[in-house]
Amino acid sequence: MELATKYNPSEVEGKWYQYWLDNKFFASKPDGREPYTIVIPPPNVTGVLHMGHMLNNTIQDILVRKARLDGKNACWVPGTDHASIATEAKVVNRLAEQGIRKQDLTREEFLKHAWDWTHEHGGIILKQLRRLGASCDWDRTSFTMDQARSESVLRVFCDLYDKGLIYRGLRMVNWDPKAQTALSNIEVIYREEKSKLYHLKYYVADADTNPVVPTGQEGEVLHRDEKGYFAVVATTRPETIMGDTAMCINPKDPKNQWLKGHKVTVPLVGRVIPVIEDRYVDIEFGTGCLKVTPAHDVNDYNLGKIHNLETIDIFNPDGTISQAAGMYIGMDRYDVRRQIALDLQEAGLMDHVEDYENKVGYSERNPDVAVEPRLCMQWYLSMKHFAKIALPPVLDGKIKFHPQKYVTTYRNWLENIDDWCISRQLWWGHRIPAYYISADKVSGEEEQFVVAMNAEEALDKARAKFGNHITASDLRHDEDALDTWFSSWLWPISLFDGINNPGNEEISYYYPTTDLVTGPDIIFFWVARMIMAGEEYLGDVPFRNVYFTGIVRDSLGRKMSKQLGNSPDPIGLIDKYGADGVRMGMLLAAPAGNDILFDEALCEQGRNFCNKMWNAFRLVNGWESADIQQSSLNSHAIAWMQAKIRTDVAEINDLYGKYRLNEALMAVFKLFTDEFSGWYLEMIKPEYDREKNCSKPLDKATLDATLDIFEQLMKVIHPFMPFITEELYQHIAERKAGESIMVSTLRLDAPSELDAKLIVIYEQGKQVISGVRAVRQQKNISPREPLVLEAPQTADNVAVLLSDTIIKMAGLSEIRMVDHKSEGTQSFLVGTDEYAVPVGSLIDAEAEIRKAEAEIQRLQGFKTGIEKKLGNERFVQNAPAQVVELERKKLSDAESKIAALQESIKSLKG
RNA sequence: GGGCAAUUAGCGCAGCUGGUUCAGAGCAUCUCCCUUACAAGGAGAGGGUCGGGGGUUCGAAUCCCUCAUUGCCCACCA
């Protein structure tokens, strides 16, 4: 069959992917083999593929395919995440476009829209992954909100509540005013921001009953103007003054001693508030006076609790000013900040304003929305217990992090962990299985509730607890949903139904999973919590290894973003370079643990490599075989190539073990391009028959061995580049239906000592060949012009061992063994042997002499260095004998090289 | 403010517990070649006093200290 001169991925990829699907090669069922399991970090259900996914999933696919070739039962479970905040926001936006407001819908109506959206966009990303070649077991595709996963979440909630690990509490939470929900601490991202520090005047309010008396302490600072004495308070948030219920000074602050015991007036607001004292206040900051707004700042809240202050909540949930503020009601918090600054200025209550840089918290999912601290009732998961069980497996190395540096990060976080706020004021998600009982049916101040899997069970529990007078209509299901991560943390368990159906065959077989591939940005959100859940529910780790990928950046190191337009479309790249090319491009730029600087040129390199394989196959495929004697050149070349493969594959396997996949790929690439294509194929390549205008036939043994080697190489490359390797695998030999490289096996012996020797010999031979080629280059001699090579008369000379190979590869007419090289030669060294190529009149004696002299000079310097070393008694005494011996050899080698060079100079001078 | 990591060729990196894999490959650059698998190719070449400064050692890219720069993570200073 005639093959095109260029590899065309688009003709190949879809065909083989379908073939793999049709033959169920991705499917896994528990059996007697060793399992190899990966669960996908579930992408957002309505997301689209970006470069981060490409990298992440390429790596997973490489690992899975490698495991399959190693004969393991490989199972890669795909799925998607409901991503409550992000998805709900998208649905709300879409409804807004249609003029529908969320608050006008019932929960059921809204959820219907959300499901519609999910069905419409859901799974696009999984389809895209198929283009990449991802060998997931698609029959297992799951969704964090499907039946089994949802049930798992509720079960776990109930269980943890029963264990006393889940509680309800009134706390200061991070509030997202746009999504109108609470967030956990780690969902807040702090950004450095240029802002203003407003210095406001708080006049002393009780000067008539309690005169201001300077204490006369050193450093005391009193502010006074025509309206009286005042304190200056620095704040970045003047709009919160309506919530001020105290002013606080440090009792040790000399500047503010005079304020002790006084009351001050909140500017504009007119409320009189006490001056309290607390060591929390930093004397050095601003004027040392702090306004206390217990409802809107965590620290102030704590001060409020200690000093028993009133709490005035001046914000509505959407970030506008509430009735309680008494002014600016209904305005947005940012508008108020601008307005109140003007109003304060006008009223003469602004001392001054300065530029200031501070950190402002933003919602991770709504990056343009500043988080507002807000006091409200939320559900929490007590984390001390989980930190305790999740720490040991990582510290003891039962779970390995790659790179290891993240162990420290992990430990620091767990050792200082906060309780996890798990409730979200959202509808899209798992509804909290708590049921409140009508206040008129139970006694007591506190709101009473039960936690149960469903309403029916809730009623039973409620009756058992509060009496049979409770009816179904007395129960009110909690309106809130759970944090998305509260389902993700169960993923490695819930995918195998290990929560609902503990000890089932699947969970017993696949758990613990083998590798997790994810970004370090979710080490706390997801990785740590999966370890917690795993330890809690299965008493074992959820995975053995965590491979943290870097962030995909552009070639200039910038993060990829829509604004910069530097984020390539992954599918477009696949169309352009082929999936294999893109996979290689991604991986080449991805050293473990570093960010990857993506450059389209790397995909080009990947595509070029595909083409290389393709054409190498075309070459071999074009050879006719004949029943002729195999030359020793060929049989030796085969032995060498096999030795090389054994050796390199051992190294590649070692790199896999260290998750240094980019280096493994590089080794694979060099093995094929340089060793196989560049050297081996050229060695055995049959001569061209000019008369018949085609290659002369190759002996059958060599052709068979070459095809066999080719097949081995395809298997080595397959995990990285699945499509082209399958295509060529199918070309190499007639395959039975249902046969595939994917499910083949590659078993190689460990490299032997003999292999190592063979490789050394061929390395020397290559150097001799390169030496001759360099002479041609320098002298501008055509590769077709036959040359003579003079080799030194030494016993184990490589020119003897590999004479026919060298003659062929270097285009020689003969190799002459000589005692002394003849005149008019250009020479080069391989090791300590000097080879010479007679170039007749082309020799430039002067240039040769200059070159030789320069080399002698270099060697002299090298020699002196070694002599000095060997002359140093302490070196000879302390250094290991081996090292000393080596230095001696280096010295003698240098000496003989110098001697050889001097001789050539002599002969050149004639 | 605390912690972690990095700094080696133009670029992105490798160099494991100090001594022949010690200064390395890849890409890029330069020169020559459309040779009969592949110009998406081949052959050859140039390029780094291993961030600065100290120290330990017979010997340091490698170990220690220090400074500098960069990146990341954590932290309630208005």
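Quick caveat: nothing in here was measured; it's all calculated off a predicted structure. Lettering of chains follows the sequences in order, A, B, ..., and the numbering in each one begins at 1.
- The backbone N or O of Leu602(A) lies less than 3.5 Å from no partner atom in the side chain of Asp599(A), so there is not a single donor-acceptor pair.
- The side chain of Asn611(A) lies closest to C38(B) when the candidates are C38(B), U35(B), G26(B).
- The residue Tyr356(A) sits close only to the backbone: its heavy atoms come under 4.0 Å of sugar-phosphate atoms, none of a base.
- Ion pairing between a basic and an acidic side chain is recognised when a charged N comes within 4.0 Å of a carboxylate O; Asp648(A) and Lys644(A) show such pairing.
- Each of Ala589(A) and Ile769(A) has a nearest nucleotide on RNA chain B; the 5'-most of these lies closest to Ala589(A).
- Other residues, nucleotides and ligands place no more than 12 heavy atoms under 6.0 Å from the CD atom of Gln404(A).
- Lys576(A) has a carboxylate O that lies under 4.0 Å from a charged side-chain N of Glu600(A), or vice versa, which qualifies the two as a salt bridge.
- One interatomic measurement links the two molecules: CG of Asp355(A) to C1' of A78(B), which rounds to 17 Å at whole-angstrom precision.
- Of all nucleotides listed (G26(B), A37(B), U36(B)), G26(B) comes nearest to the side chain of Asp674(A).
- Remark: the separation of the C1' atoms in U21(B) and C16(B) is 13 Å, to the nearest Å.
- Proximity of Thr409(A) to the phosphate of G3(B): no side-chain N or O atom is located under 4.0 Å from OP1 or OP2.
- Across all strands, Val292(A) comes closer than 4.0 Å to no nucleic acid atom at all (heavy-atom distances).
- The phosphate of G41(B) (OP1 or OP2) has a side-chain N or O of Asn608(A) nearer than 4.0 angstrom.
- Side-chain N/O atoms of Arg773(A) and base N/O atoms of A43(B) include no donor-acceptor pair closer than 3.5 Å.
- Counting only heavy atoms from C-beta on, Met666(A) has its side chain closest to G26(B) among U35(B), G26(B), A37(B).
- One P atom belongs to A39(B), the other to C22(B), and the distance between them is 37 Å to the nearest Å.
- Within 6.0 Å of NZ on Lys889(A) lie no more than 12 heavy atoms contributed by other residues, nucleotides or ligands.
- Nucleotides G19(B) and A61(B), compared at atom C1', are 14 Å apart to the nearest Å.
- Remark: side-chain polar atoms of Arg607(A) are not paired, donor with acceptor, to backbone N or O of Tyr7(A) under 3.5 angstrom.
- Among the protein residues, Lys685(A) comes within range of the nucleic acid bases, having at least one heavy atom under 4.0 Å from a base atom.
- Within 4.0 Å (heavy atoms only), Gln605(A) reaches sugar-phosphate atoms of the nucleic acid but no base atom.
- When the C1' atom of U35(B) is taken as reference, atom CZ of Arg776(A) falls 12 Å away, rounded to whole Å.
- When the P atom is used for both G26(B) and G41(B), the distance is 14 Å, rounded to whole Å.
- Listed for the Thr287(A) side chain is a donor-acceptor partner under 3.5 Å among the backbone atoms of Val232(A).
- For a distance-only test at 3.5 Å, the side chain of Glu682(A) qualifies as a donor-acceptor partner of the base of A37(B).
- Across all strands shown, U7(B) forms a Watson-Crick or G-U wobble pair, both distances under 3.5 Å, with A68(B).
- Taking a pair to require two hydrogen-bonding distances under 3.5 Å in either a Watson-Crick or a G-U wobble arrangement, G18(B) remains unpaired.
- Counting only heavy atoms from C-beta on, Arg784(A) has its side chain closest to U35(B) among U35(B), A78(B), U20(B).
- Rounded to whole Å, the separation between the C1' atoms of G18(B) and U57(B) comes to 9 Å.
- Checking A75(B), U31(B), A37(B) against every side-chain atom of Ala616(A), the shortest atom distance belongs to A37(B).
- Between the base of C38(B) and the side chain of Lys612(A) there is a donor-acceptor pair shorter than 3.5 Å.
- Between the CG atom of Asn615(A) and the P atom of U36(B) there is a distance of 13 Å, rounded to whole Å.
- Base pairing annotation: A23(B) forms no Watson-Crick or G-U wobble pair, as no partner gives both donor-acceptor distances under 3.5 Å.
- Residue contacts shown for Phe617(A) are absent, as no nucleic acid heavy atom lies under 4.0 Å away.
- Among the atoms of the strands shown, none is found under 4.0 Å from any heavy atom of Lys692(A).
- The backbone N or O of Thr5(A) sits less than 3.5 Å from a side-chain atom of Asn615(A), completing a donor-acceptor pair.
- Straight-line distance from the OH atom of Tyr301(A) to the C1' atom of C77(B): 20 Å, rounded to whole Å.
- Between Arg888(A) atom CZ and G19(B) atom P there is a gap of 20 Å when expressed in whole angstrom units.
- With A78(B), G44(B), A5(B) as the choices, the nucleotide that has an atom nearest any side-chain atom of Lys405(A) turns out to be A5(B).
- One atom, CD1 of Ile417(A), and another, C1' of A75(B), lie 15 Å apart when rounded to the nearest Å.
- Each of C77(B), A14(B), G42(B) was ranked by its minimum atom distance to the side chain of Arg660(A); first place goes to A14(B).
- A gap of 14 Å separates the C1' atoms of A60(B) and U49(B), to the nearest Å.
- Here G44(B) is the nucleotide among C76(B), U35(B), G44(B) with the atom lying nearest to any side-chain atom of Ser770(A).
- Between the CG atom of Asn412(A) and the P atom of A5(B) there is a distance of 11 Å, given to the nearest Å.
- Of all nucleotides present, only U31(B) satisfies the Watson-Crick or G-U wobble test against A43(B), with each distance under 3.5 Å.
- The side chain of Arg874(A) contributes an N or O atom lying less than 4.0 Å from OP1 or OP2 of C58(B).
- The 12-atom threshold is not exceeded at CD of Glu284(A), counting heavy atoms of other residues, nucleotides or ligands nearer than 6.0 Å.
- Look at the C1' atom in both A25(B) and C74(B): the space between them is 38 Å, to the nearest Å.
- Spacing between atom CG of Asn8(A) and atom C1' of C38(B) amounts to 16 Å, rounded to whole angstrom units.
- Summarising the base pairing, G12(B) is matched to no nucleotide, lacking a Watson-Crick or G-U wobble pair whose two defining distances lie under 3.5 Å.
- Of the listed nucleotides (A5(B), C73(B), C77(B)), C73(B) has the atom at the smallest distance from the side chain of Phe524(A).
- Spacing of C1' atoms, A68(B) relative to U29(B), comes out at 31 Å, to the nearest Å.
- Toward the 5′ end of RNA chain B lies the nearest nucleotide of Glu663(A), the other residue of the pair Glu663(A) and Leu290(A) mapping further downstream.
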